[in-house]
Student: 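First the structure, which I've put down as structure tokens, then a few questions once you've had a look.
Note that ligands are numbered from 1 as they come in the structure, with each ligand's atoms numbered from 1 the same way. All values reported here derive from a predicted model rather than from experimental measurement. The residues of the chain are indexed from 1 along the displayed sequence.
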Amino acid sequence: MNVMSLLDSQTEKRREKKISEFNNVHFDTLVIGGGINGAVASLALSSHNVNVGLLEKNDFASGVSQESSNLVWGGFKYLESYEVKLVAELCHSRNRLARAYPSRLAEKRFLASLDASSPFSPWFASLGANVYWSIGQFATKRPRYRSPRTINRLEPSVNVDSLVGGIEYSDHLLLDNDSRFVIQMIVDAIERGAAASNYMTVTEAERVSKRWHLKVRDEILQKEFETSSDVLINTAGPEVNEICDMTDTKTASQLVFSKGVHLVVPKITDSGRILAFFDETQRLFYVIPMGECSVIGTTDERVKEHKVSVNETDIEFLLSEANRKLSLSRPLSREDIIAERVGVRPLVIPKGGVDKDRDWTELSRKHVVETNRKDRMVSVLGGKLSDCLNVGEEVIDALEHLGYKTKKPATRWYGEPSSAERSIFFHSAEKIIGETDSTKKIWRRHGSRAFEVLNKIELKPHTAKNLSESIDYCPAEISTMKDSELIFYTEDFMRRRTLLAQTVPQNDLTSDPGFQNLIECLSQ
Ligand SMILES: Cc1cc2nc3c(=O)[nH]c(=O)nc-3n(C[C@H](O)[C@H](O)[C@H](O)COP(=O)(O)OP(=O)(O)OC[C@H]3O[C@@H](n4cnc5c(N)ncnc54)[C@H](O)[C@@H]3O)c2cc1C
């Protein structure tokens with residue numbers, strides 16, 4: 001089975017429907033790029049009564065937004081470069097996200113182990129962790145100093161030979177991965193009236209008679225069509241410049257790229273903690289949980305191009321750092337690599353800044369939202385998943401700045417459904433499914449669409465059973481996802497809607513007893 005193949009005979013009809021949502025339709029705003037920045041912009045705009053269309057040339061979240069460390073954090077490490085304002089903003093955004101997405105984000109303890117070569121002593125790191133905790137408004141559990149003996153007891157997989165101590169502090173993790181978080185946001189935007197499609201490339205854009213006229217190609221049907229808008233929003237991530245070239249516009253800030261690689265390996269610790277170390281270049285190196293696996297990384301290498309791949313040096317570096325810092329029954333080797341993640345961090349050089357190779361690692365990781373009044377264009381440069389709510393709100397401000405009157409929604413424009421809806425769901429699910437673990441998972445994965453999953457199970461109770469131990473999705477979930485999440489290739493489902501492609505080795509997946517059923521569910 002080729003996991004990239006198209007799924008079903010209904011594809012043409014589904015694509016034609018998508019094309020009709022854009023073809024010769026005029027929008028208030030069109031958003032180019034369906035990563036986290038495009039997703040949050042579309043959700044914010046649709047929630048503020050703006051008529052918005054989102055176009056993504058590949059699958060949603062198939063750019064940098066599927067390659068992150070999955071952390072929603074306040075940027076503890078930026079205290080190193082005294083970026084207190086950035087840390088305060090990130091902590092604020094992190095806290096808001098954690099409150100708004102209580103089931104999709106989990107507070108995790110980070111255990112940072114320090115040895116004699118680490119840039120900070122345990123007492124100084126402890127002080128930093130407390131400052132970080134206070135900047136974060138004490139919203140997480142209190143940080144703690146940990147002695148090498150305690151570290152050994154808490155995390156036997158950590159090599160304590162040369163440790164001088166450590167600190168434990170908290171930040172948050174996206175439990176179902178970055179890409180699913182982004183796609184949920186896009187589906188929420190669609191529910192609030194946005195038009196959005198994956199596999200649609202903007203090939204030309206021209207401003208004529210006070211309107212942006214876009215030529216778009218549907219990558220599945222290979223059909224071309226036109227659409228237009230008053231305002232254009234450039235959220236093309238590392239390809240922001242390409243969109244500028246296409247639209248004959250410029251941004252005052254510039255982007256440079258830092259390549260980051262993670263490797264997914266079998267689970268290293270059962271504790272759920274995130275292990276942190278300083279690598280040989282004095283950068284933080286993490287062991288992060290992902291489903292039933294662990295992710296090790298990352299690298300941080302200045303590159304000129306945004307198209308990057310994992311090379312031998314990356315693999316050697318990550319495996320040797322992990323083996324140096326961990327005490328495993330058997331060292332990690334290439335055979336243990338289940339999946340790779342690689343992408344570029346788009347870093348912003350603000351207007352007037354100089355791109356010097358020697359200090360690029362100190363570049364702020366803060367995003368910039370630029371408004372071009374003359375061309376009625378808004379560009380988002382840089383940014384993080386952690387900071388996405390600020391991006392959404394700054395895009396609304398930018399539109400207001402362009403003279404557009406948006407309408408503030410009566411309720412919060414982002415977040416999971418309310419606690420009242422949650423109670424109704426859990427109450428109904430108890431009667432229909434009974435089992436609480438599955439109920440929690442369905443709620444976390446599907447949010448407001450969880451009711452639809454439940455309806456399907458009520459009508460056909462056999463659709464509540466997971467396909468297998470590894471493929472822990474039930475047919476009712478898969479059919480709900482296919483309907484609402486614009487799945488066109490099996491890879492969309494395996495890599496970006498679920499953790500399967502990253503946590504189950506491909507051979508195990510295709511020989512799994514549930515795999516054929518999965519393909520059938522996706523093809524119905
Ligand atoms: C290794 C690594 C680790 C990271 N870890 C974290 C972390 O733990 N926490 C955190 O908050 N952030 C993290 N980040 C940063 C974060 O992942 C990125 O900043 C963020 O995902 C960028 O999102 P984006 O929407 O700007 O770009 P993208 O996700 O790349 O989206 C841009 C989209 O635009 C589309 N596009 C381009 N041209 C066109 C066109 N002509 N027509 C239609 N579509 C087009 C692309 O296909 C792409 O999907 C990490 C980044 C890296 C690389």
Student: Is it true that Arg495 and Glu67 have a side-chain N and a carboxylate O under 4.0 angstrom from each other?
Tutor: yes
Student: Heavy-atom contacts under 4.0 Å between Val344 and ligand 1: side chain, backbone, both, or neither?
Tutor: backbone
Student: Any nitrogen or oxygen of Ser258, main chain or side chain, under 3.5 Å from a nitrogen or oxygen of ligand 1?
Tutor: no
Student: If you measure from each non-hydrogen atom of Ile243 to ligand 1, which part falls under 4.0 Å: side chain, backbone, both or neither?
Tutor: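 Only the side chain of Ile243 comes within reach of ligand 1.
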Student: Given Ser65, Cys388, Gly383, Ala236, which has its nearest heavy atom closest to atom 16 (C) of ligand 1?
Tutor: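 Nearest heavy atom to atom 16 (C) of ligand 1 lies in Gly383.
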Student: For Phe76 together with Phe110, are the ring centres under 6.0 Å from each other?
Tutor: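 Here the rings of Phe76 and Phe110 have centres that are no less than 6.0 Å from each other.
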Student: Heavy atom to atom 28 (P) of ligand 1, shortest distance: which of Val64, Asn70, Asp178 holds it?
Tutor: Val64
Student: Find all atoms of ligand 1 within a distance of less than 4.0 Å from any non-hydrogen atom belonging to Gly35, and give their numbers and elements.
Tutor: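 With Gly35 as reference, the close atoms of ligand 1 come out as 25 (O), 29 (O), 31 (O).
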Student: Just to verify, what does Arg94 make a salt bridge (Lys or Arg N to Asp or Glu O under 4.0 Å) with, not counting sequence neighbours?
Tutor: Asp171
Student: Under the criterion salt bridge (charged side-chain N to carboxylate O under 4.0 Å, His left out), I'd like the reasoning laid out for Glu12 against Arg15: C-alpha separation, chi angles, the key distance, then a yes or no.
Tutor: CA-CA 5 Å; Glu12 192 170 344; Arg15 292 309 296 181; over 6 Å; no
Student: Only heavy atoms of Met200, strictly under 4.0 Å: list the atoms of ligand 1 that pass.
Tutor: 43 (C)
Student: Would you mind listing which atoms of ligand 1 come within a distance below 4.0 Å of any non-hydrogen atom of Thr235?
Tutor: 32 (C), 34 (O)
Student: Do Arg14 and Asp483 sit within salt-bridge range, that is, some charged N less than 4.0 Å from a carboxylate O?
Tutor: no
Student: Numbering the atoms of ligand 1 from 1, which are under 4.0 Å from a heavy atom of Gly343?
Tutor: 53 (C)
Student: Taking distance alone, with no angle check, do Ser386 and ligand 1 share an N/O pair under 3.5 Å?
Tutor: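 Yes, at least one N or O pair falls under 3.5 Å.
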Student: Heavy-atom contacts with Asn58 under 4.0 Å: which atoms of ligand 1 show up? List them by number with element.
Tutor: 47 (O)
Student: Counting heavy atoms only, which of Arg341, Lys57, Arg345 is nearest atom 38 (N) of ligand 1?
Tutor: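 Residue with the shortest heavy-atom distance to the ligand atom: Lys57.
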Student: Just jot down the ligand 1 atoms closer than 4.0 angstrom to any heavy atom of Gly260, in number order.
Tutor: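 Atoms satisfying the 4.0 Å criterion: 1 (C).
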Student: Please indicate whether Glu292 has more than 12 foreign heavy atoms, meaning atoms of other residues, nucleotides or ligands, lying under 6.0 Å from its CD.
Tutor: no
Student: Taking the side chain as everything from C-beta on, heavy atoms only, tell me whether Phe277 gets closer than 4.5 Å to Val287.
Tutor: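 The answer is yes; the side chains approach within 4.5 Å.
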Student: Please determine if Glu16 and Lys223 form a salt bridge, counting it only when a charged side-chain N lies under 4.0 Å from a carboxylate O.
Tutor: yes
Student: Below 3.5 Å, N or O to N or O, backbone or side chain included: is there any such pair between Gly382 and ligand 1?
Tutor: no
Student: Can you pull out the closest protein heavy atom to atom 40 (C) of ligand 1? Residue, atom name and distance to 0.1 Å, please.
Tutor: Ile32 CG2, 3.7 Å
Student: Which of these, Arg449, Arg180, Arg496, sits in a side chain to side chain donor-acceptor pair (under 3.5 Å) with Glu485?
Tutor: Arg180
Student: Tell me, which protein residue and heavy-atom name are nearest atom 35 (C) of ligand 1, and how many Å apart are they?
Tutor: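 Protein heavy atom at minimum distance: Glu56 OE1, 3.2 Å.
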Student: Using a strict 4.0 Å threshold on nitrogen-to-oxygen distance, state whether Glu239 and Lys57 make a salt bridge.
Tutor: yes
Student: Among all protein heavy atoms, pick out the one at the shortest distance from atom 13 (C) of ligand 1; state its residue, atom name and that distance to 0.1 Å.
Tutor: Ser68 CB, 3.7 Å
Student: Just wondering, more than 12 heavy atoms not from Gln222 lying within 6.0 Å of its CD?
Tutor: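 Result for CD/Gln222: enclosed.
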Student: Is the closest heavy-atom distance from Gln66 to ligand 1 below 4.0 Å?
Tutor: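 Per 4.0 Å heavy-atom rule, Gln66 does not contact ligand 1.
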Student: Taking atom CG of Asp245 as the centre, report whether more than 12 heavy atoms of other residues, nucleotides or ligands fall under 6.0 Å from it.
Tutor: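 Above 12, so yes.
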Student: Classify the contact between Ala61 and ligand 1 as side chain, backbone, both or neither, using a heavy-atom distance cut-off of under 4.0 Å.
Tutor: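 Near ligand 1, Ala61 shows nothing, with every heavy atom at 4.0 Å or more.
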Student: Considering only the protein, which heavy-atom contact is closest to atom 27 (O) of ligand 1, and what is its distance?
Tutor: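 Looking only at protein heavy atoms, the one closest to atom 27 (O) of ligand 1 is Gly237 CA, 3.4 Å.
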Student: Does NZ belonging to Lys85 count more than 12 external heavy atoms closer than 6.0 Å?
Tutor: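 Atom NZ in Lys85 is not packed in, count stays at 12 or less.
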Student: For atom 34 (O) of ligand 1, what's the nearest protein heavy-atom neighbour? Residue, atom name and distance, please.
Tutor: Gly33 CA, 3.2 Å
Student: With heavy atoms under 4.0 Å as the rule, classify the contact between Leu55 and ligand 1 as side chain, backbone, both or neither.
Tutor: backbone
Student: When only distance counts, is Val202 in polar contact with ligand 1, meaning an N/O pair under 3.5 Å?
Tutor: yes
Student: Checking a contact table here: which protein heavy atom is nearest atom 37 (C) of ligand 1, and how many Å away?
Tutor: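 Checking every protein heavy atom, the shortest distance to atom 37 (C) of ligand 1 gives Glu239 OE2, 3.4 Å.
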Student: Above 12 or not: heavy atoms from other molecules or residues under 6.0 Å from NZ of Lys215?
Tutor: no
Student: For ligand 1, find out whether one of its N or O atoms is nearer than 3.5 Å to an N or O atom of Ile36.
Tutor: yes
Student: Pairs of nitrogen or oxygen atoms closer than 3.5 Å, one from His262 and one from ligand 1: do any exist?
Tutor: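 There is no such contact.
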Student: Is any NZ, NE, NH1 or NH2 atom of the basic residue among Glu280 and Lys325 found under 4.0 Å from an Asp or Glu carboxylate oxygen of the other?
Tutor: no
Student: For atom 2 (C) of ligand 1, grab the closest protein heavy atom and report residue, atom and distance to one decimal in Å.
Tutor: Glu67 O, 3.7 Å
Student: Within the 4.0 Å heavy-atom shell around Pro238, which atoms of ligand 1 are there?
Tutor: 30 (O)
Student: I'd like to check the ring-ring contact (aromatic ring centres under 6.0 Å, His included) partners of Tyr82; sequence neighbours left out, ordered by chain and number.
Tutor: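 For Tyr82, no residue satisfies ring-ring contact (aromatic ring centres under 6.0 Å, His included) once neighbours in sequence are set aside.
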Student: Establish, yes or no, whether the cationic atom of Arg283 lies under 6.0 Å from the six-membered ring centre of Phe285 and within 45° of the ring axis.
Tutor: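 Pair Arg283/Phe285 does not count as cation-pi.
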Student: If we only count N/O pairs under 3.5 Å, is Leu71 in contact with ligand 1?
Tutor: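 Yes; at least one N/O pair falls below 3.5 Å.
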Student: Considering only protein heavy atoms, which is closest to atom 24 (P) of ligand 1, and at what distance to one decimal place?
Tutor: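 In this structure, atom 24 (P) of ligand 1 has Asn37 ND2, 3.8 Å as its nearest protein heavy atom.
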